[in-house]
Amino acid sequence: MQEGQTDAGPKQIDWPGEIFSVLRDWQVRQVAYVPDAGHSRLIEMCDGDGEMRLVPLTTEEEGIAVLAGAWLGDQRGVLLMQSSGVGNCINMLSLARVCRFPLLILVTMRGQWGEFNPWQVPMGQLTPKVLADADCLVFPVDEPDRVGETAAAAARMAFEGPTQAAVLLSQSLIGVKSFGR
Amino acid sequence: MTGNLDAARAEGYPLRRREVVAALLAERGDLLVVAGLGAPVWDTTAAGDHPLNFPLWGAMGGAAAMGLGLAMARPDRRVLVITGDGEMLMGLGALSTIGAQRPENLSIVVCDNERYGETGMQLTHTAGTIDLPTIAVAAGFAGADTIRSDNEFKAALPIIREAPGPLFHSIKVRAEDLPFAMPPKDGVTLKDRFRDALQQR
């Protein structure tokens, strides 16, 4: 065992911190979200950043319009949601597609990997398919040490395209919500 | 019969949407405009196509939220969202999102003819008892009002253009069919010309 390691195993990878670094690198200014437990650390980090503005939404589709407006005003943004929110976005995604607005979406997956709640399963299973059908690039990631590079790759394609790109953060990264059962 | 909706009253409203929008955009200065789909797009275009208009040909329910993102990105510029009652009703949640941000430079005007004008003039909820300005105030807007007459509209114009927002005005306009006045339809063109015009000034 090397110095600095413990019996608990290798150092935990701070993947929310790595996503935050990507957002900082791209000078993201508007962070629009409907919260998910898997995004809570990232939201806290963005909240603590003096240059990012948190924009809590009532429904995820609002965020697509907000970030389109932001880009008209030459600001970059990011949209955070859980997989159930993807279904709320379908028509509004046409705004990003038709106008080629840059749109970076970070989706925490539910209904995918050991899900306790069957009501989460339909939209969780549909999420990669409907995003792809809506002409959104899809970047699934299920290993903590690949989250940072995946977010960076998606951000580059979203902002340099410009196009729509979604990172799907696997439920296996986030842990399975069990309501204590 | 459609619940408690009133099919007749909007046919008698004195204000006309095309004149209202023309007055909103006369001497527009450096105003940035987002127009919600349907009649507000035709009316803003009839007042003169302009690179700093963003007319939405789709994305129903997104006009107010788009205005919010733009207003937050450019706090140095006045942002005016001109939309219709049906479009606004589809995105009512955006009013609470705006209330949570309170951008001072954002003004929303609903040209309210109490109709879905593009689909056969079916009644919207505003033909009943719903009061959109009351909802905006409850959501945290700095000010909101309903405009029913030319005198009220003239008094509201400087407020809509300059008073600290976010502001919401429902302008009750006559239910009427008017000729189309169409802006460019290509979304990339609309986006690029808006960004170019905004960055040049």
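All chains are named by letter (A, B, ...) in the order of the sequence lines, taking the proteins before the strands, and each is independently numbered beginning at 1.
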*By a 4.5 Å heavy-atom criterion (distance strictly below it), what part of B/Leu56 contacts chain A: side chain, backbone, both, or neither?*
side chain
*asked:* Rounded at 0.5 Å granularity, tell me how far CG in A/Leu72 sits from CZ in B/Phe194.
replied: 5.0 Å
*Can you measure from CZ (B/Arg17) to CG (B/Asp112) and round to the nearest 0.5 angstrom?*
12.5 Å
*Taking the side chain from B/Asp85 and the backbone from B/Arg115, do they hold a donor-acceptor pair closer than 3.5 Å?*
yes
*A/Ala32, A/Pro56, A/Gly69, A/Gly77: which one forms the most heavy-atom pairs within less than 4.5 Å of chain B?*
A/Gly69
_Interatomic spacing from OG1 in B/Thr124 to CG in B/Asn113 - rounded to 0.5 Å_ = 7.5 Å
*Can you tell me how far OG1 of B/Thr146 sits from CZ of B/Phe168, rounded to the nearest 0.5 angstrom?*
8.5 Å
*Interatomic distance, A/Leu106 atom CG to A/Leu169 atom CG [nearest 0.5 angstrom]*: 6.5 Å
*asked:* For a side-chain contact (heavy atoms from CB on, under 4.5 Å) check, start with the C-alpha distance between B/Val173 and B/Arg16, then their side-chain angles and the critical distance, and finish with the verdict.
replied: CA-CA 5 Å; B/Val173 294; B/Arg16 315 280 297 271; over 6 Å; no
*Tell me, out of B/Leu32, B/Val34, B/Leu68, B/Leu70, who's got the most heavy-atom pairs with chain A below 4.5 Å.*
B/Leu70
Between chain B and chain A, which N or O donor and acceptor atoms come closer than 3.5 Å?
{"from": "B/Gly69", "atom 1": "O", "to": "A/Gln30", "atom 2": "NE2", "distance (Å)": "3.0"}
{"from": "B/Ala94", "atom 1": "N", "to": "A/Glu62", "atom 2": "OE2", "distance (Å)": "3.2"}
{"from": "B/Thr97", "atom 1": "OG1", "to": "A/Glu62", "atom 2": "OE1", "distance (Å)": "2.6"}
{"from": "B/Gln101", "atom 1": "O", "to": "A/Arg53", "atom 2": "NH2", "distance (Å)": "3.2"}
{"from": "B/Gln101", "atom 1": "OE1", "to": "A/Arg53", "atom 2": "NE", "distance (Å)": "2.8"}
{"from": "B/Gln101", "atom 1": "OE1", "to": "A/Arg53", "atom 2": "NH2", "distance (Å)": "3.3"}
{"from": "B/Gln101", "atom 1": "NE2", "to": "A/Leu54", "atom 2": "O", "distance (Å)": "2.9"}
{"from": "B/Lys191", "atom 1": "NZ", "to": "A/Cys99", "atom 2": "O", "distance (Å)": "3.0"}
{"from": "B/Lys191", "atom 1": "NZ", "to": "A/Arg100", "atom 2": "O", "distance (Å)": "2.5"}
{"from": "B/Arg195", "atom 1": "NH1", "to": "A/Trp71", "atom 2": "O", "distance (Å)": "2.6"}
{"from": "B/Arg195", "atom 1": "NH1", "to": "A/Asp74", "atom 2": "OD1", "distance (Å)": "3.2"}
{"from": "B/Arg195", "atom 1": "NH2", "to": "A/Asp74", "atom 2": "OD1", "distance (Å)": "3.3"}

*asked:* With a 4.5 angstrom heavy-atom cut-off, is it the side chain or the backbone of A/Leu57 that approaches chain B, or both, or neither?
replied: both
_Side chain, backbone, both or neither of A/Leu93 within contact of chain B (heavy atoms, under 4.5 Å)_ = neither
*asked:* Please rank A/Pro162, A/Cys99, A/Ala68 by heavy-atom pairs under 4.5 Å with chain B and give me the top one.
replied: A/Cys99
*Hey, does the side chain of B/Arg161 reach the backbone of B/Leu80 with a donor-acceptor pair shorter than 3.5 angstrom?*
no
_Nearest-0.5 Å distance that lies between atom CD1 in B/Ile82 and atom CD1 in B/Ile108_ = 11.5 Å
